[in-house]
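The structure appears below as structure tokens.
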Amino acid sequence: MISSDAELMEKSLIAGANAGVELRFALFDKFFAAWPERRSDFLNLDAASRRMTDETLEMMMGLARGEEQWVWPLVAELAFTHRNFGQLPWVEYESWIALTIETVAEAAGTDWNSETEAAWIRQGDRLKAFIAEARTGWDDVMPGHVAGRISPR
Ligand code: HEM
């Protein structure tokens with residue numbers, strides 16, 4: 001039987017959960033190891049790490065399930081709120097999504113295989129395309145927006 005991306009991805013998440021792994025700890029360790037200067041942007045790491053991890057996974061699962069109708073508005077909101085940190089380099093988004101997949105892989109242990117990896121990468125690529133489109137959309141409608149400035153100049 002051929003499993004869908006959603007089935008493969010869900011299975012790996014359940015394996016990690018059954019192993020008692022809280023993904024956000026390893027994920028943020030990896031993220032700050034890669035981008036140490038970002039640490040100071042996280043004023044409430046406990047709160048943000050829960051939401052940032054959960055929403056990234058939810059978005060990829062939503063895309064795998066064909067539920068673009070709620071994923072798109074969430075991505076649009078994410079692209080907007082993250083403008084508070086300036087124009088985040090695109091490579092940091094790519095890195096975040098790659099590290100998310102790496103963290104799920106490590107937590108899933110033997111429930112991870114090449115099909116599972118291909119499913120996550122496929123949906124991660126779709127999420128990146130959504131984020132890129134949302135960022136461009138905000139830049140088009142609010143070109144002068146810079147963090148901390150109330151009105152565009
Ligand atoms: C799929 C990608 C991402 C998703 C879904 C996501 C989601 C979130 C969410 C839900 C929050 C919490 C907002 C709140 O509590 O008000 C957050 C906070 C934050 N995110 Fe992301 N994020 C993503 C990528 C990134 C990347 C690449 C960076 C790069 C630095 C970043 C930096 C931050 C910062 C600095 C905060 C605020 C932390 C704080 O105030 O303590 N995020 N993110």
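Numbering starts at 1 and runs along the sequence shown. We count ligands from 1, going down the list as the structure has it; atoms in each ligand are counted the same way.
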Check this for me: does any side-chain nitrogen of one of [X] and [Y] sit under 4.0 Å from a carboxylate oxygen of the other?
| X | Y | value |
| --- | --- | --- |
| K30 | E106 | yes |
| R65 | D5 | no |
| R38 | D41 | yes |
| D46 | R50 | yes |

| If you group Ile, Leu, Val, Met, Phe, Trp and Tyr by side-chain heavy-atom gaps below 4.5 Å, do V91 and F31 land in one group? | yes

| field | Linked, directly or transitively: V71 and I121 (ILVMFWY side chains, under 4.5 Å) | value |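 Yes, one cluster joins them.
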
Please report which non-hydrogen protein atom sits nearest to [atom], along with the residue it belongs to and the distance in Å to one decimal place.
| atom | result |
| --- | --- |
| atom 5 (C) of ligand 1 | T56 OG1, 3.3 Å |
| atom 33 (C) of ligand 1 | F42 CZ, 3.3 Å |
| atom 40 (O) of ligand 1 | L43 N, 3.9 Å |
| atom 37 (C) of ligand 1 | F85 CZ, 3.3 Å |

| message | Quick check: do V21 and T103 have side-chain heavy atoms less than 4.5 Å from each other? | response |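 No - every pair of side-chain heavy atoms lies 4.5 Å or more apart.
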
Output the list of atoms in ligand 1 that are nearer than 4.0 Å to some heavy atom of [X], sorted by atom number.
| X | answer |
| --- | --- |
| N44 | 39 (C), 41 (O) |
| E55 | 10 (C) |
| R38 | 30 (C) |
| E92 | 27 (C), 29 (C), 30 (C) |
| L88 | 28 (C), 29 (C), 30 (C) |

| field | Heavy-atom gap I131 to ligand 1 smaller than 4.0 Å | value |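 Yes; I131 lies near enough to ligand 1 that a heavy-atom distance drops under 4.0 Å.
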
| message | Against ligand 1, does W35 come closer than 4.0 Å with any heavy atom? | response | no

| query | Does R39 use its side chain to pair, donor to acceptor, with the backbone of F32 at less than 3.5 Å? | reply | no

| message | Using a 6.0 Å cut-off, check whether atom NZ of K128 has over 12 heavy atoms from anything other than its own residue. | response | yes

| Does Y93 have its ring centroid less than 6.0 Å away from the ring centroid of W90? |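 So the answer is yes for these two rings.
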
| query | Leaving waters out, which protein N, O or S atoms fall under 2.8 Å from atom 21 (Fe) of ligand 1? | reply |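 Result, waters dropped: M52 SD, H82 NE2.
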
| query | With distance as the sole criterion, is a donor-acceptor pair present between the side chains of W120 and S12 under 3.5 Å? | reply |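 Side-chain D/A pair, W120 to S12: present.
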
| query | Counting heavy atoms only, which part of F130 comes closer than 4.0 Å to ligand 1: side chain, backbone, both or neither? | reply |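 It is neither part, as no heavy atom is under 4.0 Å.
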
| request: Output every pair passing salt bridge (charged side-chain N to carboxylate O under 4.0 Å, His left out) with a member in residues 69-81, not counting sequence neighbours, ordered by first then second residue. | output: none

